[in-house]
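These numbers were taken from a predicted model, which means no experiment stands behind them. Throughout, protein chains are lettered first and strands after them, A, B, ... in sequence-line order, and every chain is numbered starting at 1. Quick note: numbers below take in every heavy atom, side chains included, and nothing from hydrogens, waters or symmetry partners.
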Amino acid sequence: CNSSMTPFSPSKVKKEEGGWEEEKYEDGIKWKFLEHKGPYFPPEYQTLPDDVKFYYNGKPVKLSLPAEEVALFFAQMMDHEYTTKEVFRNNFFRDWRKEMTLEERQLIMDLNKCDFGELHAMHKQKVEARKNLSKEEKLVNKEANQKIVDEYGYCVLDHHRERIGNFKIEPPGLFRGRGDHPKQGMLKKRIQPEDAIINCSKDSRIPEPPAGHRWKEVRHDNTVTWLASWTENVQGSCKYVMLNANSKLKGEKDWEKYEVARKLKTCVDAIRAQYQEDLKSKQMGTRQRAVALYFIDKLALRAGNEKEEGETADTVGCCSLRVEHITLHDTLDGQKCVVEFDFLGKDCIRYYNKVPVFKNLKLFMENKQGGDDLFDRLNTQLLNKHLSSLMPGLTAKVFRTYNASITLQQQLKELRNMKENVAEKLLSYNRANRAVAILCNHQRAPPKTFEQSMANLQAKIDSRKEQLDLAKKELKQAKKEAKGSSDNKLLIVVEKKKKAVQRCEEQLLKMEVQATDREENKQIALSTSKLNYLDPRISVAWCKNMEVQLDKIYNKTLRDKFAWAIDMTEHDFVF
DNA sequence: TAGAGAACTTAGAAGCGTCACA
DNA sequence: TGTGACGCTTCTAAGTTCTCTA
């Protein structure tokens, strides 16, 4: 496993066709020329109309502009459950008071005495009005937005005009963390040009800051890919303006990611054998590392970095698992030595699973409390250091990419059936995709309208079945009438009825397949794995082999993002 | 060499536009 | 022609890994 990765790139593969003509730069250099217009700032706050009032303790209060703006942030969210949560309300109130004048602060002491009703109503009215705009008005808005995209949404990087992913500065508002986030409700402040750092090349046209403003800094760092950055006040972290996923820079990076995962394929057996061996090591640290690696490989757990307590919601990954997140069962559901996982992972998505496992875990849990680390001799740095010694470029997350892609490939192979029609082939593809999504624990909230829309679909299926019965009867009748007759008209009728039956059957099958697909997909999100984990070349090759059009599985965004794969993949591609 | 911070990827939710169907 | 469901796009939070610094 120790040979370094072959330094080839899609550029070299497609060189002669002019698709990706440039060579890569020396280590660390991302571009030689970068020009853009700077980020786009959200519009300034406009004060409330006179007839929309905020009330405190039943009395109207005219708020100062900064306090009024923040009050409106809260009012806009009042339909959301967030605003009922104590942590959210407390954080909001504390930050709101900071925006008030001394006088306001002395008056407004209790959030429960605040009445945002008119602000809330105004907001709802605005949303409604926007929805009810005429076609022409909507078109005017659309054109205005397009103008902004045309002006700010692109940059020139080396010889390419590239789309920027997020050229808009995030507007101010109330912070919405996921799950039980201790900072939910805090004020996310308005970003000014004075907060923004611009990155571009020296010889480019430097972007102009908005009138009356200046940039925090203009730098020319071609070892990074961002065009602008600022520090966000809630968590103190950096935010970046970066290129769109369809850019050359991002595409090459994506391709490299899958090449590293493919490389793992060549040495995964050895790595597995090694960690199986390490399970018996005399060194506790080595044993813990082996178990963690087993979880990462078999269960596709994330690495699990340490997190600062109280700064974010309490979520964990593999290395940060605590004793309280697992339960050991001598027997469970007829299986021996079962470990039951139950914890919140990234984005507070619950991970629940039961897996047969070995005795080591019992050992790791000895003399520990629920809140203690399961792997007290291990962290992600140690783990990744070990992994990179086994294969250059190998880190914990590569296992997710590898296992996701290899699973898709295997599933597609298993489900392959050329006799199926397109709808059935697509159901098979989605099922393969679903196996990956389940492995990676990609969940979604079931759509609010799920039950209703399933019922609607079922009703349609039922009615189509009735139609089919009727069509079959009519066909039978027509055949009867045409039997022994040489009347051309009657034969035409039979043909027509045959076609009607066939059409009905096709439509019914399509709907039934759709219902199955939708039901199986209720709580599973396929998009995340498709976008981030599945080597697109597997899907492109599958389409070619199965004679399915690529746009059946990839929308425009995906086709753009994976242009490199579409360009280079033949039907015989193997991950 | 560890810790902090920077840089970049991965993630689900919400918003929005489109299209099928009554 | 209106409406609702659905899929696509946007948004930004939340991860991982890399890199710098003391």
Output the rounded distance in Å from [atom1] ([X]) to [atom2] ([N]).
X      : N      : atom1 : atom2 : answer
A/E232 : C/dG15 : CD    : P     : 14 Å
A/N233 : C/dT12 : CG    : P     : 14 Å
A/Y258 : B/dT9  : OH    : P     : 12 Å
A/W230 : C/dA13 : CH2   : C1'   : 13 Å
A/N532 : C/dT16 : CG    : C1'   : 13 Å
A/W226 : C/dT12 : CH2   : P     : 19 Å

| task | In plain terms, say whether A/E162 and A/K248 are close enough for a salt bridge, that is, a side-chain N and a carboxylate O under 4.0 Å apart. | result |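 Judged by the 4.0 Å cut-off on N to carboxylate O distance, A/E162 and A/K248 do not form a salt bridge.
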| field | SB check A/D195 A/K189 (cutoff 4.0 Å) | value |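 Answer for the salt bridge query: no.
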Atom pairs under 3.5 Å, N or O on each side, protein against nucleotides 19-22 of chain B: can you list them with distances?
none

[X] side-chain N/O to [N] phosphate OP1/OP2 under 4.0 Å:
X      : N      : value
A/T528 : B/dG12 : yes
A/R130 : B/dC16 : yes
A/K250 : B/dT9  : yes
A/H181 : C/dA13 : no
A/N555 : C/dC8  : yes
A/H80  : B/dA14 : yes
A/T315 : C/dG15 : yes
A/Y533 : B/dT9  : no
A/Q235 : C/dA14 : yes
A/R444 : C/dG7  : no

| Of all pairs that satisfy side chain to side chain donor-acceptor pair (under 3.5 Å), the ones with a partner from residues 174-183 of chain A, not counting sequence neighbours |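 Those involving residues 174-183 of chain A are A/R178-A/D347, A/K183-A/E311.
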Using a heavy-atom cut-off of 4.0 Å across all strands, would you classify [X] as base, sugar-phosphate, or nothing?
X      : value
A/K30  : sugar-phosphate
A/G345 : sugar-phosphate
A/T225 : sugar-phosphate
A/Y240 : base
A/K138 : nothing
A/R302 : sugar-phosphate
A/Q443 : sugar-phosphate

| field | Aromatic ring pairing A/F116/A/F92, orientation class (parallel under 30°, perpendicular over 60°, tilted between) | value |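 A/F116 and A/F92: perpendicular rings.
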| task | Would you list the pairs meeting ring-ring contact (aromatic ring centres under 6.0 Å, His included) in which at least one residue belongs to residues 389-409 of chain A, sequence neighbours left out? | result |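 Sorted result for residues 389-409 of chain A: empty, none.
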Interface polar pairs with nucleotides 17-20 of chain C, N/O, under 3.5 angstrom:
residue: C/dT17; atom: OP1; partner: A/T395; partner atom: OG1; Å: 2.8
residue: C/dT17; atom: OP1; partner: A/A396; partner atom: N; Å: 3.3
residue: C/dT17; atom: OP1; partner: A/K397; partner atom: N; Å: 2.8
residue: C/dT17; atom: OP2; partner: A/N384; partner atom: ND2; Å: 2.8

| With nearest nucleotides of DNA chain C determined for A/K239 and A/Y554 from heavy-atom distances, which residue corresponds to the more 5′ nucleotide? |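 Its nearest nucleotide being more 5', the pick is A/Y554.
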| message | For A/K168 and A/G179, find the nucleotide of DNA chain C closest to each by heavy atoms; which residue's nucleotide sits nearer the 5' end? | response |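 Mapping each residue to its closest nucleotide by heavy atoms, the 5'-most match is A/K168.
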| field | salt bridge (charged side-chain N to carboxylate O under 4.0 Å, His left out) partners for A/D560, two or more places apart | value |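 Checked A/D560 against salt bridge (charged side-chain N to carboxylate O under 4.0 Å, His left out); matches are A/K556.
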All side chain to side chain donor-acceptor pair (under 3.5 Å) counterparts of [X], not counting sequence neighbours:
X      : result
A/T401 : none
A/R537 : A/E259, A/D535
A/N132 : none
A/Q443 : A/N441

| message | Checking A/Y258 now: which residues fulfil ring pair (Phe, Tyr, Trp, His ring centres under 6.0 Å) with it, not counting sequence neighbours? | response |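 Ring pair (Phe, Tyr, Trp, His ring centres under 6.0 Å) list for A/Y258, sorted by chain: empty.
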| field | First of A/V224 and A/K561 reached from the 5' end of DNA chain B, by closest nucleotide | value |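 Residue closer to the 5' terminus by nearest nucleotide: A/V224.
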| Given B/dG12, C/dT12, B/dT18, which nucleotide is nearest the side-chain atoms of A/K142? |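 It is B/dT18.
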| query | In residues 184-198 of chain A, which residues come under 4.0 Å of DNA chain C by heavy atom? | reply |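 A/K188, in order of number.
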| said: Pairing donors with acceptors under 3.5 angstrom, does anything connect the side chains of A/T312 and A/K307? | reply: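 Yes - a donor-acceptor pair under 3.5 Å links their side chains.
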| task | Scan for salt bridge (charged side-chain N to carboxylate O under 4.0 Å, His left out) pairs involving residues 141-150 of chain A, sequence neighbours excluded, and state none if there are none. | result |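 Listed once each, the pairs would be none.
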